[in-house]
Amino acid sequence: MRSATAAEALRGLIRIRPHGWLTTPLPTDPAAATDLLRKALARLDAPGMPDGPVHVLAARATAAVAAIGTPARAVLKIHADPAAHNAEALAYALAGHSPALPLLLDVDDASRSLLIEHIPRPVDWTCPTAPRRLVDAVAAVHAAPASLPSELAAAFDVFRLDRLTAAPPPAWLPNAQAWTDVLALVRTAHGGSAIPIGHLDLKPEHARLRRRGGLVLVDIETLRPDITGLVDLVTLPAVLRQAGRELPGHEVLALYRAATARHGITWTGPALRAALTAFARATGLDTLDGLAAPPPSPRSPKDTPVEPTAPALTLVGTAMTALQLDGPPKHLTGRKGSDVWQVGDQIIKTAVPGARGDLAHETAAYTLLRDQGRHPGTRHGHGDLGRWLALPRLDGPSLWEVFAPAREGHATEAQRTHMRDAARAAFAALAELHAAGWIHGDMQAENVIITSGGPRFIDYDHARHRDLTPPATPYRGGLIHVIAPEIAAQLLATGDDVHVPLTPAAEMYALGASLYWAWTGVRITDYRGDPAGAHTELYADISAGRRRNITTDRPWADPTLEALITTATTTSPKNRQSTATV
């Protein structure tokens, strides 16, 4: 069920106040409300308090609100309910030092009034950065208690997570055990000494801009220190939808993770989804608006299968006849006349005339690998129909497949250990390949097969070796999303007919970037535009070093994997590997 507003997003959690709960309602007549507000203003003595007229903005039984001055410089609010006044004053005490909230200029308990900074401008929701800025502001509020002054921190000690987890769950919760699970997950992300705050009154109109452009959240009387920030995360998709900037749940979740990480809150994707699911069970929420659903499984970096052409089918039939293989071939991938098939224990690559790639060069590369004792050998053929190359199928998953449980959010400890071992072994195998004088030329996670005997590389159509005749066409990079910044800079600065030499250091970068993608499910470069956009735009972002944050993207904290990736993808090539160009 998709919620149109923040209130609808909290269906199931909201409890209706009983009839007659407000014992001393405020006057709703504008003149009477103005008189009440003026009397309250006279009691306040904030430094620099604005002079000028009182402009009533709202006169309700529950609260009266006025803008003070012309132009308005402050907002005066009076609560009818003492508990509501105390709650808003408490909220400012906990988080009022955050730049994401208005300044509290003065407060008077006797008149139940607060004088608050006036935030003049509405948010332009058509601005591309508006959703991110809203999420950033929400995360900043959630993190605000971590920077409380010491004298206030002691006063709120009872609300620390390590105290809340030891206390009985609130009686109003329908599922106490689920609430215990929520607090345990929040404690892991925030730390035991953190104070969890949440339940902002999120609406598009409650997001405002200071004169200098900072986004501020107004009307925080509902903010409280015992419900956690998950309640605000639940409402964000509905608020963005109401503002005309609808985002899928997994994108909102990613924005929130990135924003909280900047404040030292270490949510992983699976843990945050688990916390939201437990929060819904604990509170009786009707829907999580897609927030707890795993992100769409990223497609393989390789080409997706397409229907093979008639000439390609004829060519693979010719290869099967020469190899004396029976049975229909299984088409694995294909693009621009170049196709890959599986028949039994053989992989057959075919290329019709004019096909993408250089199958003749790859055949020569495998021949040299065989002569060096690095490959069992191939069979191949060519004629008017094109070329074919048959290789023994390697028994084992690709590095991309090894990391699938991480991307899907359900990796066991044994699988995590296997991922670390496979990553280490892949880097060692690539270093050994370089030491033997080879440059692979198309290093990516799907070209690393993890066999029982160790990692093996496939797809040598871009390979270089001093004993191998160079291809007829210049090298212009492998998979674009994993090329090193220095290679991207050369590709950006040269024409398509210029050969760009690939170094072992750049190839180490490609493996590190591939590992980042395989583990996190996102590409290492923080592209400004569409990752499927023009190559020149992608080269510009890669060469400029626009990097994503691994601590935000990682599915879990893993010092081994992070060290492998960050060392291999460091900006300086000499700090990756120092060997000669081939």
Side-chain angles (χ1 to χ4, degrees), residues 181 184-185 188-189 248-251 253-254 256-258 261 266-278 288 290-305 332-333 393-430 443-458 479 481-482 510-524 548-566 568-569:
D181 297 339
L185 289 161
T188 299
H250 69 89
E251 290 188 19
L253 201 76
Y256 183 76
R257 282 186 60 208
T266 56
W267 280 115
T268 67
L272 188 49
R273 290 193 292 271
L276 285 163
T277 302
L288 289 171
L291 287 166
S297 179
R299 76 168 182 87
S300 161
K302 276 188 176 289
D303 299 328
T304 52
L332 302 179
T333 66
R393 178 183 176 275
L394 295 175
D395 187 15
S398 69
L399 194 63
W400 178 262
E401 293 168 326
V402 167
F403 277 84
R407 298 189 302 276
E408 295 164 3
H410 55 68
T412 65
E413 191 55 46
Q415 288 171 326
R416 296 182 184 191
T417 299
H418 182 46
M419 292 173 201
R420 286 189 287 270
D421 293 343
R424 279 192 293 254
F427 278 108
L430 182 57
M443 190 52 53
Q444 55 176 287
E446 283 213 337
N447 286 347
V448 185
I449 307 300
I450 308 301
T451 73
S452 58
R456 302 278 296 278
F457 302 113
I458 60 172
L479 180 64
H481 303 296
V482 301
L511 181 54
S514 298
L515 185 59
Y516 190 110
W517 194 356
W519 185 35
T520 67
V522 293
R523 304 171 180 90
I524 193 170
R548 294 183 62 90
N549 186 344
I550 194 169
T551 60
T552 299
D553 291 335
R554 66 190 180 191
W556 65 85
D558 194 309
T560 298
L561 287 175
E562 291 167 48
L564 285 170
I565 292 169
T566 55
T569 59

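Note that the coordinates shown come from a computational prediction; the quantities given were computed from them, not determined experimentally.
For A275, the side-chain contact (heavy atoms from CB on, under 4.5 Å) partners at least two apart in sequence or on another chain are L185, L230, W267. Considering only residues two or more places apart in sequence or on other chains, A261 meets the side-chain contact (heavy atoms from CB on, under 4.5 Å) condition with T552. When the side-chain contact (heavy atoms from CB on, under 4.5 Å) test is applied to A411, the partners found at least two apart in sequence or on another chain are P405, Q415, R416, M419, W556. Residues satisfying the side chain to side chain donor-acceptor pair (under 3.5 Å) test with E562, not counting sequence neighbours, are R554. Remark: D395 engages no residue in a side chain to side chain donor-acceptor pair (under 3.5 Å) (not counting sequence neighbours). For R424, the salt bridge (charged side-chain N to carboxylate O under 4.0 Å, His left out) partners at least two apart in sequence or on another chain are D421. Under the rule for a side-chain contact (heavy atoms from CB on, under 4.5 Å), the partners of D553 that lie at least two apart in sequence or sit in another chain are Y516, T520, V522, R548. Remark: H481 pairs with R523, Y527 by the side chain to side chain donor-acceptor pair (under 3.5 Å) rule, at least two apart or across chains. Looking at residues two or more places apart in sequence or on another chain, you find a side chain to side chain donor-acceptor pair (under 3.5 Å) between T417 and R420.
When each of L394, L430, I449 is paired with F457, the side-chain contact (heavy atoms from CB on, under 4.5 Å) condition holds for L430 and for no other.
One distance of note links NE2 of H250 with CZ of R273; it measures 10.5 Å at 0.5 Å rounding. In this structure, E251 CD and L291 CG are separated by 11.5 Å, a value rounded to the nearest 0.5 Å. Summarising the geometry, atom CG belonging to N447 is positioned 8.5 Å from atom OG belonging to S514; distances are rounded to the nearest 0.5 Å. Note: L561 CG to T566 OG1 = 10.5 Å, rounded to the nearest 0.5 Å. Of the inter-residue distances, the one linking I524 atom CD1 with I565 atom CD1 reads 7.0 Å to the nearest 0.5 angstrom. Rounding to the nearest 0.5 angstrom, the gap separating the CH2 atom in W517 from the CZ atom in F403 is 15.0 Å.
When side chains are defined from C-beta on, M443 counts as touching V448, because their heavy atoms get closer than 4.5 Å.
Across all non-hydrogen atoms, the minimal contact from S398 to A445 is CB-O, 3.8 Å. Nearest heavy atoms, A292 versus L288: CB-CD1, 3.7 Å. Summarising the geometry of T569 relative to G512, their closest heavy-atom pair is CG2-C, 3.6 Å, with the distance given to 0.1 Å. Of all heavy-atom pairs between L399 and A426, the closest is CD2-CB, 4.5 Å. In terms of heavy atoms, A406 sits closest to P555 at O-CB, 3.8 Å. Looking at every heavy atom in both residues, T451 comes nearest to G454 through OG1-O, 2.6 Å.
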